[in-house]
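Comments concern the structure below.
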Amino acid sequence: MSQNQSKFHGLLFLFFFILGSIASVWVVLRNGWWLPELASDRETIDKIFVTIFIIAGILFVLSELALSYFIFKYAGDARRKAFYLPGTTKKEILWSILPGVLVVMILEISAEFLGGASIWGKIHGEPPKDAFLVEITGEQFAWSIRYPGPDGKFGKVDPKLISYDNPLGIDMSDEASKDDIVFPAGEGVLYLPLNHPVVLLIRSKDVIHSPFIPNFRVKQDAVPGMVTRTWFVPKKEGEYELACAELCGLGHYRMKSLVVVKPMEEVQEWLSQQTPAGDIYW
Amino acid sequence: MTGHEHSQVEVHHKEGFIRKYIFSTDHKTIAKQYLITGIIWGFIGMILSWFMRLQLAYPNQPIPLLEKILGGWAEGGILKPEFYTALITMHGTIMVFFLLTAGLSGTFSNYLIPLQIGARDMAFPVLNMLSYWVFFAASVVMLISFFVQTGPAGAGWTMYPPLSALKNAVPGSGFGTTLWLISMALFIVSSLLGALNYITTTLNYRTKGMSMGRLPITVWGMFVTAILGLLSFPVLLAGAVMLIFDREFGTSFFVPSGLVLGGQPVPHEGGNPILWQHLFWFLGHPEVYIVLLPAVSIVGEVLATNSRKPLFAYKICVGAIIGIGALSMIVWGHHMYVSGMNPILGEIFVVTTLAISFPTAILIFNYLVTVWRGSLRFTPGMLFALGFLGLFIPGALTGAFLATAPVDIQLHDTYFVVAHFHFTMATAAAFGMFAGVYHWFPKMFGRMMNDKLGKIHFWGTFIGVYLIFFPMFFQGIAGVPRRYYSFTEYNFTSQFIGLNKFITIAAFIAGAAQFIFLFNFFWSMFKGPKADKNPWKANTLEWQADSPPPHGNWGPELPVVYRGPYEYSVPGAEEDYIPQTASIKVEAK
Ligand code: HEM
Ligand SMILES: [Cu+2]
Ligand SMILES: [Cu+2]
C-alpha cells in the first residue's frame with residue numbers, strides 16, 4: 001500500500017495546475033486570444049462575459065488548488081486516521097448548502113444584474129422606426145443579400161417564383177419589389193451604416209443556417225419557413241467577416257460573407273449605384 | 001419495502017458456453033458484455049476523433065496514409081468535407097450514446113444494482129438479456145452505416161432537419177441517416193428495457209435492512225438515471241419516428257413549405273424545424289445527465305472508500321442527485337437561445353438553468369469535503385475519481401457563460417461549447433467510467449489490474465485531456481465556430497493554425513494512453529494477481545460476495561444489512577471500515 005500513499009500524486013496535481021495556470025495566462029496574453037474587437041453596440045455582452053470570466057477564473061484556480069492541496073496534504077498515512085465527518089448535524093448541512101447558494105448567486109444572478117435581461121429584451125424588442133433594413137438569405141453554401149431600396153420596403157417573395165434568374169423568388173407584380181436591390185448568393189456585400197441601427201432580416205431557402213458576425217456579437221439562426229430578426233448598431237468603420245454558425249452541409253465551413261461599415265452617406269451613395277431589381281427582373 | 005424475500009436459491013446445472021457467455025441472463029455477464037461492447041465503441045469513437053484532428057491540424061495537406069485507410073473518403077490523402085461532417089456525427093453519437101450511455105449505465109447499473117442491494121439478479125433477467133441484444137443490434141446497424149455508398153449520417157449528432165430530413169442535403173443524409181435512425185430507435189428500446197429493470201429492481205429487491213436511506217450513492221445515481229431515461233427517451237423515439245416518416249413517407253412534421261434545395265423545389269409543406277429541436281433537446285439535455293449521474297455517483301463511492309471517510313452529507317448528496325435529475329427535464333431550451341425560439345421562453349430557461357447549477361455545486365462541494373482530512377489511498381480508481389473533479393470544475397464553471405442567454409449569442413456553436421461539453425459530460429463521464437472499471441475490476445474478474453500501468457494511464461489521460469480541450473475555450477472566445485472542416489477560410493479562425501497542431505498532438509498522446517488501458521484490462525483479466533473478496537476494504541455489499549460472485553451472487557442466505565454504506569474511520573471502531581452487514585454496535589460520538 002505504501003506506494004498508494006505517497007505525496008507524488010498530490011505534488012503532480014499541484015505542479016500541473018500551478019504551472020498550467022501560469023502557462024495559460026502567458027500564452028493567452030502573448031497571442032492576444034480574446035473576444036474579437038467589439039464593433040457594435042452590444043458592449044453589455046462583453047461586460048457580462050468579462051465579469052463571469054473573472055469570477056469563474058478565480059473560482060477555477062481556487063477550487064483546483066484546494067483539490068490539489070487536499071490530494072497532497074491528506075495522502076494516506078498509517079499513523080493518521082481519517083477525520084470522521086459524516087455531515088449529518090445541522091451545522092454541517094448548512095455548510096454543504098451555503099457554497100452552492102454562494103456560487104450560484106455570485107456567478108449568475110450578478111451576471112443578470114449587469115443588464116443581461118435588459119439587453120436580451122432589447123435585442124428581441126422593437127428596433128427604432130428609422131432603422132436601416134437589410135435581408136440576408138442563406139442557402140447551401142452562400143448568402144443572398146437584399147436591400148429594400150428607396151421605398152424602405154421589401155417586395156413580396158414567393159418560393160414558387162424561384163428560378164435561376166430570380167434566386168430569391170421576388171414577386172415583381174408587387175410595387176415594393178421594383179426598387180429592391182438584390183445580390184444573388186455569394187455575390188453581395190453587407191453594407192451597413194455607421195452609428196445607425198440596423199435590422200437584419202434572416203431567411204433560409206433550404207436548411208438551417210446561422211449568420212454570425214463575431215465582431216458585432218451577433219448570431220441568429222436562419223430557419224427555413226420563418227423570418228427571424230435581430231438588430232444592432234455598428235459602431236466602428238471597417239470590414240468584418242460573417243460566418244455560418246449552424247451546420248448546414250459539407251460547405252458549412254466556407255459559407256462566408258463580407259460586412260462593410262461606412263458612414264450613412266457613403267452607404268446611401270453605394271446603394272444608389274446598384275441596379276434595382278425592376279431593371280433586372282421583369 | 002425492505003426485506004422483500006427473494007431467496008429461491010437456484011440450483012445450478014453446468015451451463016453451456018452459449019448460455020453462460022452469450023445469451024446469459026446473469027446480470028454480471030450482461031454487465032461485462034455492455035462493458036466490452038462499450039470499450040470497443042470508445043476506441044472507434046476515439047479513432048474517428050483522430051481523423052478529425054488530423055484534418056484540423058493539416059488542412060489541405062495530403063496525407064497518403066489517410067487514403068490507404070479511408071479510400072474514397074480521402075482521395076489524394078485529403079479528407080473530404082462531407083466525410084468530416086460524417087465523422088463529427090458518428091463520433092458524437094458513438095461517444096454519447098454507445099459509450100457513455102449504454103457502456104456506462106449498462107455496465108454499472110447491471111453490475112452494481114443487484115450486488116449492492118443484496119439481490120440475486122435483476123427483477124426481469126430475460127428482459128435484461130434482451131436489452132443487451134437489442135443494443136447489440138443497434139450497434140451492428142450503426143456499424144453498417146459506415147459502409148454504405150454515401151457514408152454514415154452527416155447532420156451532426158443532433159440531426160437537425162431539414163438537413164437530416166432531405167436526402168440530398170448532405171451525402172450522409174441518404175441511406176446513412178436511415179440507418180442512424182433505425183439504430184437509434186433500437187437503442188432507445190434497449191435503454192427503456194434496461195431502465196425498467198433498474199427501477200423495479202431497486203424498488204423491490206432490496207435485501208433485509210437495505211432501506212432507501214442505506215443505498216450506496218451509486219445505486220441512487222443509477223436509479224435516478226433510469227427514471228430520467230424512462231421519461232425522456234420515448235420523446236426522442238417519437239421524434240425519430242416522425243423524422244423517418246418525413247424522409248420516407250412524405251409527411252411534413254419538420255419540413256416547412258417553399259424550400260428550394262440546390263435549385264430544386266422540395267415537395268414538403270407545413271412542418272416546423274424548431275419542433276425537432278424541442279423534441280431532441282427534451283431528451284438531449286436529460287441525456288447529458290444520463291451520462292453524468294452514473295459517473296458522478298461512481299466517483300462519490302470511490303472517493304469515500306479511498307478517502308476512508310464517510311461521504312460527506314450523504315442525504316444532501318442524494319437530494320442533489322434527485323434535484324439535478326428533476327431540474328434536468330426543464331432546461332432543454334438553453335440549447336436554443338438563438339434558434340428563433342420565443343425570446344421570453346429563453347429568459348425562462350436562463351432561470352431554470354441557473355437553478356440546476358445549485359444542486360450541482362452542492363454535490364461537488366460535498367465531494368471536496370469528503371476528500372478533506374481523509375486518509376487518501378491513490379489507487380488508479382481513486383486517481384480517476386479525483387481527476388473527474390479536476391475536469392468537472394472548469395466544465396461546470398464555463399456553463400455559467402452559456403447559461404446566460406446574451407453571452408450565449410456570442411458563444412453558441414463555437415469551440416467554447418466544444419470545450420465545455422467535453423469537460424463536463426464527455427471526459428468527466430469517461431473518467432467516472434474509468435474510476436468504476438478500475439475499482440470494480442477485481443470483483444468483476446476476480447483479478448487485480450496492474451497498479452503502475454493504471455497510474456500511467458491516468459496521468460497520460462488527465463494531462464492529455466487538459467491540453468486538448470482547455471485551449472479550445474480560447475478558440476471559442478475568439479469566435480471559432482464548431483463543426484468546421486477547416487479553419488483556413490476566415491481571418492478570425494486562421495490565427496489558430498499553430499494551436500491546432502498542438503491540440504492534435506495532444507489528442508494522439510492522450511489516445512495512446514488508452515492503449516495502455518486496453519492492454520492492462522485484457523492482460524489482467526487473465527494474468528492479473530488473484531483478488532480477494534474485499535481488496536479495498538469497502539463497506540458495500542458486493543465486497544461481501546466472492547470475487548467474482550457466483551451465479552445468484554450469494555450463498556444460500558441473502559446478506560442482511562445493519563447500517564449505512566459509509567461508516568469509514570468511525571472513532572472507537574477497531575478497523576477503519578464497517579461493512580454494511582456487520583451487526584456490531586459502535587457508538588460514534
Ligand atoms: C479522445 C478524446 C476526444 C477528442 C480528441 C475529441 C475531439 C472532438 C472533435 C475534434 C470534435 C469535433 C468538433 C467540431 O468540429 O465541431 C468533437 C465533437 C464531439 N465530441 Fe469529442 N473528442 C473526444 C472525446 C469525446 C468523448 C469521450 C465524448 C463523449 C461524450 C465526446 C463527445 C463529442 C460530441 C457530442 C461532439 C459533437 C458532435 C457534433 O457536433 O455533432 N467526445 N470531439
Ligand atoms: Cu452553415
Ligand atoms: Cu443542455
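Numbered from 1 within each chain, the chains take letters A, B, ... in sequence-line order.
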* **Top contributor to chain A interface from B:Leu363, B:Thr353, B:Leu411, B:Leu311 [non-hydrogen pairs under 4.5 Å]** => B:Leu411

* Asked: Looking only at atom types and distance, does a side-chain atom of A:Lys219 sit under 3.5 Å from a main-chain N or O of B:His412, one as donor and one as acceptor?
  -> yes

* Do any N or O atoms from the side chain of B:Glu347 and from the backbone of A:Ala117 form a donor-acceptor pair under 3.5 angstrom? -> no

* Sort B:Val407 into side chain, backbone, both or neither according to what part of it lies under 4.5 angstrom from a heavy atom of chain A. => both

* Could you look at B:Thr414 and say if it's the side chain, the backbone, both or neither that has a heavy atom under 4.5 Å from chain A? => side chain

* To do: Mind ranking A:Pro86, A:Gly32, A:Ser68 by heavy-atom pairs under 4.5 Å with chain B and telling me who comes out on top?
  => A:Pro86

* Would you sort out whether A:Lys81 and B:Asp576 count as a side chain to side chain contact (heavy atoms under 4.5 Å, CB included), showing the intermediate values? => CA-CA 8 Å; A:Lys81 230 179 162 183; B:Asp576 68 351; 4.1 Å; yes

* Within the distance-only criterion (no hydrogens, no angle test), does the side chain of A:Trp33 pair as donor or acceptor with the backbone N or O of B:Ala478 below 3.5 angstrom? -> no

* Asked: Taking B:Pro273, B:Ala403, B:Ala361, B:Pro171 one by one, which has the highest count of heavy-atom pairs under 4.5 Å against chain A?
  -> B:Pro273

* Measure A:Leu98 against the heavy atoms of chain B and call it side chain, backbone, both or neither at under 4.5 Å. => neither

* Asked: Do A:Glu241 side-chain atoms and B:Asn491 backbone N/O form a donor-acceptor pair below 3.5 Å?
  -> yes

* Structure fact -> The interface call for B:Pro256 against chain A, heavy-atom contacts under 4.5 Å, is side chain

* Are any side-chain N or O atoms of A:Arg80 and backbone N or O atoms of B:Gly374, one a donor and one an acceptor, separated by less than 3.5 Å? -> yes

* Before giving the answer on ring-ring contact (aromatic ring centres under 6.0 Å, His included), spell out for A:Phe13 and B:Phe462 the whole-Å C-alpha distance, their side-chain angles and the decisive distance to 0.1 Å. => CA-CA 10 Å; A:Phe13 266 104; B:Phe462 187 72; 5.4 Å; yes

* Asked: With side chains defined as the heavy atoms from C-beta onward, is the minimum distance between B:Phe378 and A:Ile71 less than 4.5 Å?
  -> yes

* To do: Kindly assign one of parallel, tilted or perpendicular to the pair B:Phe474 and A:Phe53, based on the angle between their ring planes and the thresholds 30° and 60°.
  => perpendicular

* Which portion of B:Ser357 sits near chain A, non-hydrogen atoms under 4.5 angstrom -> both

* Structure fact -> If one checks every heavy atom of B:Val351 against chain A at 4.5 Å, the contacting part turns out to be neither

* Structure fact -> Whatever's closer than 4.5 Å to a heavy atom in chain A on B:Leu261 counts as both

* Interface residue of largest heavy-atom contact number with chain A, from B:Leu383, B:Val371, B:Leu166, B:Val350, under 4.5 Å -> B:Leu383

* To do: Can you tell which part of B:Leu467 gets under 4.5 Å to a heavy atom of chain A, answering side chain, backbone, both or neither?
  => neither

* Just do the side chain to side chain contact (heavy atoms under 4.5 Å, CB included) check on A:Glu64 and B:Ile393 with the steps written out, would you? => CA-CA 8 Å; A:Glu64 296 288 13; B:Ile393 289 168; 3.8 Å; yes

* To do: Side chain from CB out, backbone as N, CA, C, O: work out which of these in B:Tyr490 comes under 4.5 Å of a heavy atom of chain A, or both, or neither.
  => both

* Structure fact -> When the 4.5 angstrom heavy-atom criterion is applied to B:Pro161 and chain A, the contacting part is backbone

* Specify whether A:Phe83 and B:Trp372 have parallel, tilted or perpendicular ring planes, treating 30° as the upper limit for parallel and 60° as the lower limit for perpendicular. => perpendicular

* B:Trp459 vs A:His9 side-chain heavy atoms within contact, under 4.5 Å -> yes

* With a 4.5 Å limit on heavy-atom distance, are the side chains of B:Ile409 and A:Arg42 in contact? -> yes

* Anything under 30° is parallel, anything over 60° is perpendicular, the rest tilted; go ahead and classify A:Phe16 against B:Tyr466. => perpendicular

* To do: Could you look at B:Ile364 and say if it's the side chain, the backbone, both or neither that has a heavy atom under 4.5 Å from chain A?
  => neither

Listing, residues 245-254 of chain A side-chain donor-acceptor contacts under 3.5 Å, not counting sequence neighbours, or none:
unit_1   : atom_1 : unit_2   : atom_2 : d
A:His252 : ND1    : A:Glu246 : O      : 3.3

* Asked: Mind checking what makes ring pair (Phe, Tyr, Trp, His ring centres under 6.0 Å) contact with B:Tyr367, not counting sequence neighbours?
  -> none

* Structure fact -> Turns out that what part of B:Phe496 lies under 4.5 Å from chain A's heavy atoms comes down to side chain

* Asked: Any idea which of B:Gly258, B:Pro406, B:Pro81 has the most non-hydrogen atom pairs under 4.5 angstrom with chain A?
  -> B:Pro406

* What class does the angle between the rings of B:Phe470 and A:Phe60 fall in, given that below 30° is parallel, 30 to 60° is tilted and above 60° is perpendicular? -> parallel

* To do: State, yes or no, whether a side-chain contact exists between A:Val207 and B:Val170 at a heavy-atom distance under 4.5 Å.
  => no

* **Straight-line distance of A:Asp221 CG to B:Met336 CE, nearest 0.5 Å** => 9.0 Å

* Side-chain (A:Lys256) to main-chain (B:Glu489) donor-acceptor, under 3.5 angstrom -> yes

* Structure fact -> Bottom line for B:Tyr566: the part with an atom under 4.5 Å from chain A's heavy atoms is neither

* For each of B:Ser307, B:Ala320, B:Ala169, tally heavy-atom pairs with chain A at distances under 4.5 Å, and name the one with the top tally. => B:Ala169

* **Contact check, side chains of B:Leu259 and A:Asp206, non-hydrogen atoms, under 4.5 Å** => no

* Mind checking whether B:Phe492 and A:Pro214 have side chains closer than 4.5 Å, heavy atoms only? -> yes

* Indicate, with yes or no, if the rings of B:Phe312 and A:Trp95 have centres closer together than 6.0 Å. => no

* To do: Check whether B:Gln277 gets within reach of chain A through its side chain, its backbone, both or neither, counting any heavy atom under 4.5 Å.
  => side chain

* If you count heavy-atom pairs under 4.5 Å with chain A, which of B:Thr85, B:Asn366, B:Thr360 comes out on top? -> B:Asn366

* Would you verify whether the NZ or CZ of B:Lys309 falls within 45 degrees of the ring axis of A:Tyr84 while also being under 6.0 Å from that six-membered ring's centre? => no

* Kindly indicate, with the supporting measurements, whether the criterion side chain to side chain contact (heavy atoms under 4.5 Å, CB included) is fulfilled by B:Leu163 and A:Ile208. => CA-CA 7 Å; B:Leu163 187 60; A:Ile208 303 176; over 6 Å; no

